[in-house]
There are 2 protein chains.
Amino acid sequence: MLLLKELPTAKSLEKFAARYPGTNVRAISDFVSMLRACADISQALDRLLAKHGLLQGRWWMLVLLMRQDDLTSSPTDLAAKAGVTKASITGFIDGLEREGLVIRLPDPTDRRKYLIRLTAAGLQKLDETIPDYNSKVDALMSSLGEPERDEMLRSLKTLVENLELMR
Amino acid sequence: MLLLKELPTAKSLEKFAARYPGTNVRAISDFVSMLRACADISQALDRLLAKHGLLQGRWWMLVLLMRQDDLTSSPTDLAAKAGVTKASITGFIDGLEREGLVIRLPDPTDRRKYLIRLTAAGLQKLDETIPDYNSKVDALMSSLGEPERDEMLRSLKTLVENLELMR
DNA sequence: TGTTTATATTATGGTGCCTAATTAAATAGA
DNA sequence: TCTATTTAATTAGGCACCATAATATAAACA
């Protein structure tokens with residue numbers, strides 16, 4: 001999460017370039033602006049979810065479970081799909097279970113495993129949150145025309161595909 | 001930070017739309033793709049900074065200090081510029097001071113205040129990190145042509161200006 | 001002078017991650 | 001069959017990043 005409310009001014013960028021010759025001022029400025037925008041958008045999502053008593057971590061767990069036909073998944077599977085360790089999943093599940101949104105069920109075919117299933121309360125939480133999420137996301141994304149949106153996503157995709165350049 | 005390595009499939013979006021009629025599938029899909037890209041880019045920055053023993057929090061603090069003519073700022077000022085509380089700044093300063101990258105100096109004009117100043121070691125840390133940061137950010141951003149970059153930033157700016165639609 | 005305001009810190013806690021060690025169960029191989 | 005390995009999940013412990021509330025101190029104001 002970017003920690004700079006104040007984007008660099010032309011003056012501070014000049015100073016930067018003076019100390020570090022060869023700086024591509026435009027690249028730096030654009031990069032920071034991009035991060036700033038991303039952080040603002042993510043924060044707006046946080047606020048939306050907070051209205052429904054959720055946080056991004058819990059929210060994405062619920063979304064992953066909802067994607068499953070039987071509303072059920074395993075910690076290992078969730079870890080893979082979320083890109084975090086299984087130990088981290090344990091924590092998320094603990095929180096969601098405490099709130100009654102999911103339950104741990106023993107896997108009948110393998111006693112090492114658990115099945116994490118969305119409860120009725122969990123589904124209700126989604127039913128309460130998702131219409132709001134849908135309409136707000138729609139409203140936001142509609143502030144861009146279709147061609148601009150496509151172009152933006154294509155550009156972001158290009159950047160992501162070139163992230164090895166940051167290595 | 002987005003927790004979905006796996007973006008929604010066409011099938012899961014269909015299912016979503018079936019349960020929540022009126023869903024703008026494109027809006028949701030685009031929104032999640034955008035967050036995914038943002039998270040990936042931010043993570044790439046984390047990795048770059050980690051090579052130099054830094055993390056985003058500490059890094060942006062150092063950058064804010066470097067912007068000042070005398071390499072000096074106050075906790076209140078840093079808090080405002082970073083968009084976090086003063087209590088949070090105390091923690092960042094503690095860490096940076098422990099590593100010798102900044103020092104707390106009493107403000108001669110107001111005994112409630114401290115001046116946070118970048119030390120020689122702090123400046124050296126920046127001198128070691130920034131050339132790498134510059135070249136990597138330049139390389140990444142150069143994967144987009146200038147018009148695409150401008151368009152992308154304009155689109156992101158439009159979204160940020162319309163974030164009140166998420167309220 | 002006495003009250004209000006401003007500065008910074010401490011105390012405390014929540015969220016989101018991690019690694020390493022552990023427990024338990026399944027599986028593969030001699 | 002029995003042992004060794006692998007797999008699943010958790011626990012323990014810790015770090016980073018943030019917040020709120022309470023506190024101590026000092027400045028400003030009326």
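Each chain gets a letter, A, B and so on, in the order the sequences are listed, and its residues count up from 1.
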Give the rounded distance in Å between these two atoms: [atom1] of [X] and [atom2] of [N].
{"X": "Gln56(B)", "N": "dC15(D)", "atom1": "CD", "atom2": "P", "result": "20 Å"}
{"X": "Ile89(A)", "N": "dG16(C)", "atom1": "CD1", "atom2": "P", "result": "11 Å"}
{"X": "Asp94(A)", "N": "dC17(C)", "atom1": "CG", "atom2": "P", "result": "15 Å"}
{"X": "Leu55(B)", "N": "dC17(C)", "atom1": "CG", "atom2": "P", "result": "14 Å"}
{"X": "Ile93(B)", "N": "dA8(C)", "atom1": "CD1", "atom2": "P", "result": "10 Å"}
{"X": "Asp46(B)", "N": "dC17(D)", "atom1": "CG", "atom2": "C1'", "result": "12 Å"}
{"X": "Leu54(A)", "N": "dG14(C)", "atom1": "CG", "atom2": "C1'", "result": "15 Å"}
{"X": "Tyr114(B)", "N": "dT25(D)", "atom1": "OH", "atom2": "C1'", "result": "10 Å"}

Is any side-chain N or O of [X] closer than 4.0 Å to OP1 or OP2 of [N]?
{"X": "Thr76(B)", "N": "dA8(C)", "value": "yes"}
{"X": "Thr90(B)", "N": "dA8(C)", "value": "no"}
{"X": "Ser88(B)", "N": "dA19(D)", "value": "yes"}
{"X": "Arg111(A)", "N": "dA24(C)", "value": "no"}
{"X": "Arg104(A)", "N": "dT10(D)", "value": "yes"}

Open item on the list: Check this for me: does any side-chain nitrogen of one of Asp40(A) and Arg36(A) sit under 4.0 Å from a carboxylate oxygen of the other?
Closed with: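 The answer is yes: the pair qualifies as a salt bridge.
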Open item on the list: Between Arg19(A) and Asp127(B) (salt bridge meaning N to carboxylate O under 4.0 Å), is one present in this structure?
Closed with: yes
Open item on the list: What's Lys113(B) touching, base or sugar-phosphate or nothing? Going by heavy atoms closer than 4.0 Å.
Closed with: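 Sugar-phosphate only.
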Open item on the list: Regarding Leu3(A), tell me which of base, sugar-phosphate or nothing describes its non-hydrogen contacts under 4.0 Å with the strands shown.
Closed with: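 Sugar-phosphate only.
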Open item on the list: Counting C-beta onward and ignoring hydrogens, is there a side-chain heavy-atom pair between Leu71(A) and Leu65(A) closer than 4.5 Å?
Closed with: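 No; the side chains remain at least 4.5 Å from each other.
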Task: Shortest non-hydrogen contact between Lys5(B) and Ala80(A), atoms and distance - done: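 Smallest heavy-atom distance, with atoms named: CB-O, 4.1 Å.
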TODO: Report the residue (Ala87(B) or Lys86(A)) whose heavy-atom-nearest nucleotide on DNA chain C is the more 5′ of the two.
DONE: Ala87(B)
- [ ] Could you say whether Ile116(B) or Thr109(A) is positioned toward the 5' end of DNA chain C, judged by the nucleotide with the nearest heavy atom to each?
- [x] Ile116(B)
Task: Asp77(A) or Thr85(B), whichever maps to the more 5' nucleotide of DNA chain D - done: Asp77(A)
TODO: Could you verify whether a donor N or O on one side chain and an acceptor N or O on the other, from Thr85(A) and Ser88(A), lie under 3.5 Å apart?
DONE: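 Checked: Thr85(A)/Ser88(A) side chains pair up, N/O donor to acceptor below 3.5 Å.
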- [ ] Ignoring hydrogens and angles, answer whether the base of dT25(D) and the side-chain atoms of Arg112(B) contain a donor-acceptor pair closer than 3.5 Å.
- [x]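 By the distance-only test, no, there is no pair.
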TODO: Check every atom of dA27(D), dT15(C), dC18(C) against the side chain of Val84(A) and return the nucleotide holding the closest atom.
DONE: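 Given the options dA27(D), dT15(C), dC18(C), the side chain of Val84(A) is closest to dC18(C).
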